[in-house]
S.K.: 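Below is one structure. I have some questions about it.
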There are 2 protein chains.
Amino acid sequence: MSERGDTATRILDIAQELAQTRGYNAFSYADISEHVGIRTASIHYYFPSKSDLGRALIRRYQRTADQALAQIDRTTEDPREKLRRYSEIFSGMMLHGERMCLGGILAADILTLPTEIRDEVRAFFGLNERWLSGVLDEGREAGLLQFTGSPEVEARLLVASLEGALLVARSYGDVERYRELADKLLADREAPMT
Amino acid sequence: MSERGDTATRILDIAQELAQTRGYNAFSYADISEHVGIRTASIHYYFPSKSDLGRALIRRYQRTADQALAQIDRTTEDPREKLRRYSEIFSGMMLHGERMCLGGILAADILTLPTEIRDEVRAFFGLNERWLSGVLDEGREAGLLQFTGSPEVEARLLVASLEGALLVARSYGDVERYRELADKLLADREAPMT
DNA sequence: GTCTATAGCCCGATAGAC
DNA sequence: GTCTATCGGGCTATAGAC
């Protein structure tokens with residue numbers, strides 16, 4: 001039972017774990033209530049409806065991702081290393097309670113989500129693709145990465161492939177299955193040494 | 001409202017559509033009842049529990065996939081064409097009512113599924129990977145396809161990438177987004193003309 | 001086989017006391 | 001802010017008539 005932080009944050013932390021493991025339609029205010037230690041009515045005080053909670057969840061997740069990518073940019077120059085660090089964000093989710101990426105699991109639930117949340121899911125993918133596109137472009141210019149076609153499409157392909165690798169690997173409960181695919185995905189894009 | 005076929009088949013058809021669009025936890029016997037035109041109690045006559053229904057669903061889906069892959073083998077020699085036909089099975093799902101692959105969407109729900117169904121989801125991925133692995137191996141031997149590493153791992157990567165591409169593209173409701181990625185995935189594996 | 005009726009539980013959400 | 005109490009509805013599932 002996490003006790004740190006204010007109540008709204010603890011609610012979001014537990015709700016995020018539940019959403020990442022079970023999906024949007026398979027967790028309830030009662031589930032959150034048990035983990036946080038307050039009654040369901042009190043959760044409604046912070047998040048009046050479940051769609052309010054869902055929207056807050058994906059928005060906070062976007063901000064966290066944004067900061068993680070900025071942190072990679074701040075501490076690494078090599079585009080190949082940036083891709084490795086990016087891939088490790090995904091493997092970290094499986095290690096942290098068999099989680100999926102929140103964007104990926106909400107994408108599976110997309111047709112059951114309130115429209116505001118759908119828009120945020122797409123915005124999350126857009127955020128990832130823009131950052132990856134920049135890394136890929138820079139890496140190819142520097143002769144460190146190689147790929148066919150535009151950086152934009154290659155970025156979309158990488159996001160989709162990593163989401164898919166995480167989805168399938170998690171269904172086996174096997175993080176090595178993810179790593180094997182992610183490592184190959186990255187290795188195939190590294191320019192040969194000269 | 002589909003009226004063809006026996007009742008069990010009509011139930012499975014509707015349940016499959018609902019599962020592929022909404023996921024396992026977001027459809028009910030009441031939803032099926034409305035579409036099939038019989039009461040929920042009558043559905044329990046054919047499928048006593050929801051896990052019985054879910055298991056029947058994924059097993060039938062596996063058989064259908066098996067037949068579709070055998071049909072590709074029967075009508076096509078060229079491994080490149082086999083991959084194209086395989087990719088079109090996925091795009092066909094989005095065109096047929098914004099569906100996901102049943103295996104992919106159940107993978108997202110995996111931690112909420114009865115264990116028998118979990119095993120079938122993994123078996124479905126295994127089936128796809130074995131077939132693709134054979135096509136890739138044959139294609140490389142014939143000098144028509146190219147890729148690094150083993151056909152087995154490359155097959156896993158293709159399944160995961162196509163599932164991911166479908167997952168993300170469907171969240172935009174845009175089949176072109178899927179095709180762009182699938183076509184690139186396949187083009188990158190075609191051996192250059194000599 | 002299909003129906004009506006209902007049990008028993010979980011769900012999101014609200015009213016109002018403290 | 002957090003609680004108790006509760007509403008109205010949905011869910012899976014079963015009993016028993018036809």
Side-chain angles (χ1 to χ4, degrees), chain A residues 1-58 105-106 109-118, chain B residues 1-58 105-106 109-118:
Chain A
M1 205 168 307
S2 64
E3 298 284 358
R4 307 266 144 210
D6 60 22
T7 307
T9 302
R10 283 193 289 142
I11 292 169
L12 285 171
D13 289 343
I14 296 297
Q16 183 176 331
E17 179 185 346
L18 290 166
Q20 285 184 269
T21 48
R22 308 173 55 84
Y24 186 77
N25 298 299
F27 78 92
S28 68
Y29 276 50
D31 294 325
I32 302 169
S33 162
E34 285 171 24
H35 286 88
V36 175
I38 60 173
R39 298 291 181 171
T40 62
S42 309
I43 303 173
H44 283 282
Y45 170 80
Y46 295 97
F47 304 99
S49 75
K50 192 174 176 182
S51 70
D52 291 323
L53 174 59
R55 190 154 21 91
L57 230 36
I58 182 70
I105 203 160
L106 291 184
D109 294 329
I110 198 84
L111 293 181
T112 71
L113 299 178
T115 40
E116 324 93 67
I117 301 185
R118 291 191 206 191
Chain B
M1 205 169 305
S2 63
E3 298 285 357
R4 307 266 145 210
D6 61 21
T7 307
T9 303
R10 283 193 288 141
I11 291 169
L12 285 171
D13 289 344
I14 297 297
Q16 184 176 330
E17 179 186 346
L18 290 166
Q20 285 185 268
T21 49
R22 309 173 54 85
Y24 185 77
N25 298 299
F27 78 92
S28 67
Y29 276 49
D31 294 324
I32 302 170
S33 164
E34 285 171 23
H35 286 88
V36 175
I38 60 173
R39 298 290 181 171
T40 62
S42 309
I43 303 172
H44 283 282
Y45 170 80
Y46 295 96
F47 304 99
S49 75
K50 192 174 176 181
S51 72
D52 292 323
L53 174 59
R55 190 154 21 92
L57 230 37
I58 182 71
I105 203 160
L106 291 184
D109 293 330
I110 199 84
L111 293 181
T112 71
L113 300 177
T115 40
E116 325 94 67
I117 302 186
R118 290 192 207 192

S.K.: Testing the basics here: between B:Leu113 and B:Arg118, what is the closest heavy-atom pair and its distance to 0.1 Å?
M.R.: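 Shortest heavy-atom contact: O-NE, 3.1 Å.
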S.K.: What are the two closest heavy atoms between B:Ile14 and B:His35, and how far apart are they?
M.R.: CG2-CB, 3.6 Å
S.K.: With a 4.0 angstrom cut-off to heavy atoms of chain B, pull out the first and last contacting nucleotide of DNA chain C, in 5'-to-3' order.
M.R.: C:dG1 to C:dT4
S.K.: What donor-acceptor contacts under 3.5 angstrom involve side-chain atoms of residues 21-33 of chain B, with partners at least two apart or in another chain?
M.R.:
{"from": "B:Thr21", "atom 1": "OG1", "to": "B:Glu17", "atom 2": "O", "distance (Å)": "2.8"}
{"from": "B:Thr21", "atom 1": "OG1", "to": "B:Leu18", "atom 2": "O", "distance (Å)": "3.2"}
{"from": "B:Arg22", "atom 1": "NE", "to": "B:Ala26", "atom 2": "O", "distance (Å)": "2.6"}
{"from": "B:Arg22", "atom 1": "NH2", "to": "B:Ala26", "atom 2": "O", "distance (Å)": "3.2"}
{"from": "B:Tyr24", "atom 1": "OH", "to": "B:Lys50", "atom 2": "O", "distance (Å)": "3.2"}
{"from": "B:Asn25", "atom 1": "ND2", "to": "B:Thr112", "atom 2": "OG1", "distance (Å)": "2.8"}
{"from": "B:Ser28", "atom 1": "OG", "to": "B:Ala30", "atom 2": "N", "distance (Å)": "3.3"}
{"from": "B:Ser28", "atom 1": "OG", "to": "B:Asp31", "atom 2": "N", "distance (Å)": "3.2"}
{"from": "B:Ser28", "atom 1": "OG", "to": "B:Asp31", "atom 2": "OD2", "distance (Å)": "3.3"}
{"from": "B:Tyr29", "atom 1": "OH", "to": "B:Phe47", "atom 2": "O", "distance (Å)": "2.9"}
{"from": "B:Tyr29", "atom 1": "OH", "to": "B:Ser49", "atom 2": "O", "distance (Å)": "3.1"}
{"from": "B:Tyr29", "atom 1": "OH", "to": "B:Lys50", "atom 2": "N", "distance (Å)": "3.4"}
{"from": "B:Asp31", "atom 1": "OD2", "to": "B:Ser28", "atom 2": "N", "distance (Å)": "2.9"}
{"from": "B:Ser33", "atom 1": "OG", "to": "B:Ile38", "atom 2": "O", "distance (Å)": "2.7"}

S.K.: For residues A:Ala19 and A:Ile105, report the shortest heavy-atom separation together with the two atoms involved.
M.R.: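 Taking A:Ala19 first and A:Ile105 second, the nearest heavy atoms are O-CG2, 3.4 Å.
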S.K.: Contact list please: residues 41-52 of chain A against DNA chain D, heavy atoms, distance less than 4.0 Å, in numerical order.
M.R.: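 Here the set is A:Ala41, A:Ser42, A:Tyr45, A:Tyr46.
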S.K.: Give the minimum heavy-atom separation between B:Ser42 and B:Tyr46, together with the two atoms involved.
M.R.: O-CD1, 3.3 Å
S.K.: Please report the closest heavy-atom contact between A:Ser51 and A:Ile117, naming both atoms and the distance.
M.R.: O-CD1, 3.7 Å
S.K.: Rounding to an integer number of Å, can you tell me how far A:Asn25 CG sits from D:dT12 C1'?
M.R.: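 In whole Å, D:dT12 C1' lies 17 Å from A:Asn25 CG.
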S.K.: Grab the CD1-P distance between B:Ile32 and D:dC11 for me, whole Å please.
M.R.: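 My rounded result for the distance is 11 Å.
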S.K.: Quick one: side-chain hydrogen bond (donor to acceptor under 3.5 Å, both in side chains) partners of A:Arg55, sequence neighbours excluded?
M.R.: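 Expected list: A:Asp52.
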S.K.: How many angstroms lie between atom CG of A:Leu12 and atom OG1 of A:Thr7, to the nearest 0.5 angstrom?
M.R.: 11.0 Å
